[in-house]
Number of protein chains: 2
Amino acid sequence: MVNQEDPRVLRTRQFIRAAFRDLLRRKGFDAITIKDIAQKATINRATFYAHFEDKYALLDEVTELAFDAMIPEQVAQAQAFTEDICDRLILATHRYIVDFYRNCRMDSHSMATLVDEKIKKMLQQTIARIFLKGDLPHGADKHRIQIMAAMTGSAIYGAAHFWLNVEEKDRTDVLVDLVRPYVMNGLGPYRHGDG
Amino acid sequence: MVNQEDPRVLRTRQFIRAAFRDLLRRKGFDAITIKDIAQKATINRATFYAHFEDKYALLDEVTELAFDAMIPEQVAQAQAFTEDICDRLILATHRYIVDFYRNCRMDSHSMATLVDEKIKKMLQQTIARIFLKGDLPHGADKHRIQIMAAMTGSAIYGAAHFWLNVEEKDRTDVLVDLVRPYVMNGLGPYRHGDG
DNA sequence: GGATGAACGTTGCATAGGCAACACATTGTA
DNA sequence: TACAATGTGTTGCCTATGCAACGTTCATCC
């Protein structure tokens with residue numbers, strides 16, 4: 001494929017992502033064509049295919065970058081899964097979902113599903129990375145840790161998503177106070193690597 | 001040279017101009033290097049030379065485009081040099097100069113001179129174009145018309161420039177009331193093509 | 001059922017842009 | 001004076017992008 005460091009490549013990919021984000025704001029995912037993206041990005045349609053297999057791959061990348069941008073510095077650097085880190089993850093996830101539903105026309109169920117899956121996966125990876133950084137408690141093999149991360153990520157994501165349709169939806173503090181103890185208790189001895 | 005319609009060319013030239021305008025806001029013209037421009041435009045230095053002979057050519061183009069953007073629609077379309085058109089030209093010229101001195105660091109005398117010359121030339125061409133659109137009065141050959149345009153452009157530019165350092169500098173209405181009669185009287189029978 | 005048109009994804013070729021290197025000029029400085 | 005450092009403008013080679021064309025699929029319409 002293309003050389004990811006070539007300045008032309010960097011620029012072209014930025015154009016494509018920006019065009020796509022822009023289009024998502026006024027059109028549903030299904031309604032967006034490759035031609036639309038190429039036109040708005042002022043690149044040739046063939047060039048699009050030099051960088052992305054299709055618009056699903058583009059959605060994947062855009063989602064991932066947006067998630068990375070949303071993760072606070074403290075979480076990215078965290079050495080242990082503390083209550084503070086947990087809170088930040090909950091809030092960041094919630095904010096991501098809110099922004100996402102506000103900015104994108106959601107006529108497409110397929111897109112919502114894809115983004116759901118992607119974000120859950122990113123969350124789980126982020127959590128697993130933190131778990132693996134701490135000293136592992138006795139008997140915690142890598143496999144078991146990844147399951148714990150998967151459950152934790154799913155729980156956080158599920159709760160944050162559910163919170164969209166709740167009366168108290170603006171009370172993110174309530175959300176945090178509900179999710180944090182659930183997750184931390186569920187983790188039990190795994191959380192700090194000091195159990 | 002390069003094909004001026006190729007989208008890559010259009011983008012690259014836009015990048016270069018934008019970078020240059022941006023640099024002019026924080027650096028003097030003399031202090032700006034081609035490397036600076038290329039870096040900020042995220043293009044290769046060699047690519048700059050594919051589009052502009054040097055930074056003087058770039059300055060020339062940027063000045064010209066800015067001037068075109070500043071000219072009101074009515075003036076661009078004018079069929080005769082009326083008082084209304086005259087007023088608009090005076091105001092546009094004045095605004096151009098004000099913006100120019102506000103936005104650009106003027107450590108370089110050479111640049112000020114170049115821009116001065118360029119703008120005067122553009123003004124004169126604009127005026128000559130309007131003159132030549134109207135029916136020409138008896139005895140008005142093309143040569144004579146161009147001299148009238150040159151004087152008119154110089155007068156307007158000179159006055160607008162002078163107005164920078166005047167106590168009433170904000171009273172552009174006063175400026176207009178001084179310049180308009182001078183110019184219109186000077187033109188005498190040439191102005192409408194109806195003399 | 002078949003025609004039409006739109007979007008997709010791919011291809012070969014032409015051209016613009018990136019890169020590294022060069023010679024030259026200018027400037028600062030030891 | 002000599003020198004290093006920096007900017008200028010140019011060159012040859014390689015890669016990314018633009019373009020036009022193609023066959024394909026799918027939806028719409030007669």
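Chain letters run A, B, ... following the sequence lines, proteins first and then strands; every chain starts at 1.
Across the protein-nucleic acid pair, B:Asp6 atom CG and D:dA20 atom P stand 11 Å apart, rounded to whole Å. Between B:Gln4 atom CD and C:dG17 atom P there is a gap of 10 Å when expressed in whole angstrom units. As a whole-Å value, the separation of B:Asn3 CG from D:dC19 P is 9 Å. Straight-line distance from the CD1 atom of B:Ile34 to the C1' atom of D:dG7: 9 Å, rounded to whole Å. Between B:Gln39 atom CD and C:dG18 atom C1' there is a gap of 14 Å when expressed in whole angstrom units. The CD atom of A:Glu5 sits 12 Å away from the P atom of C:dA20 (whole-angstrom rounding). One atom, NZ of B:Lys35, and another, P of C:dA25, lie 21 Å apart when rounded to the nearest Å. For B:Ile32 and D:dT8, the CD1 to P distance is 11 Å, given to the nearest whole Å.
For the pair A:Val9 and B:Asp36, both in contact range of DNA chain D, the more 5′-proximal nearest nucleotide belongs to B:Asp36. Along DNA chain C, the nucleotide nearest B:Thr47 and the nucleotide nearest A:Thr33 are compared for position; the residue whose nucleotide lies closer to the 5' end is A:Thr33.
At least one side-chain nitrogen or oxygen of B:His51 sits closer than 4.0 Å to the OP1 or OP2 atom of C:dG17. B:Asn44 has a side-chain polar atom (N or O) that falls below the 4.0 Å cut-off from OP1 or OP2 of C:dC19. Contact annotation: B:Tyr49 side-chain N/O to D:dT10 OP1/OP2 distance is not under 4.0 Å. In this model, the phosphate group of D:dT17 is approached by a side-chain N or O of A:Thr12 to a distance below 4.0 Å at OP1 or OP2.
The ring of A:Phe162 has its center no closer than 6.0 angstrom to the ring center of A:Tyr157.
Minimum interatomic distance between A:Gln4 and A:Val9 (heavy atoms only, all atoms of both residues): CA-CG1, 4.2 Å.
With distances taken from any side-chain atom of A:Arg45 to the nucleotides C:dA16, C:dG9, D:dG9, the minimum falls on C:dG9. Taking the side chain of A:Ala46 as heavy atoms from C-beta on, and the options C:dA16, C:dT11, D:dG7, the nearest nucleotide is C:dT11.
When the shell of 6.0 Å around OH of A:Tyr101 is examined, it contains more than 12 heavy atoms from other residues, nucleotides or ligands. Atom NZ of B:Lys118 has more than 12 neighbouring heavy atoms from other residues, nucleotides or ligands inside a 6.0 Å radius. Under a cut-off of 6.0 angstrom, the local environment of CD in B:Glu53 is sparse, with at most 12 non-hydrogen atoms contributed by other residues, nucleotides or ligands.
Residue side chain B:Arg8 reaches the base of D:dT17 through a donor-acceptor N/O pair under 3.5 Å, judged by distance alone.
Note on B:Arg11: only backbone sugar-phosphate atoms sit closer than 4.0 angstrom, heavy atoms only; bases stay farther off.
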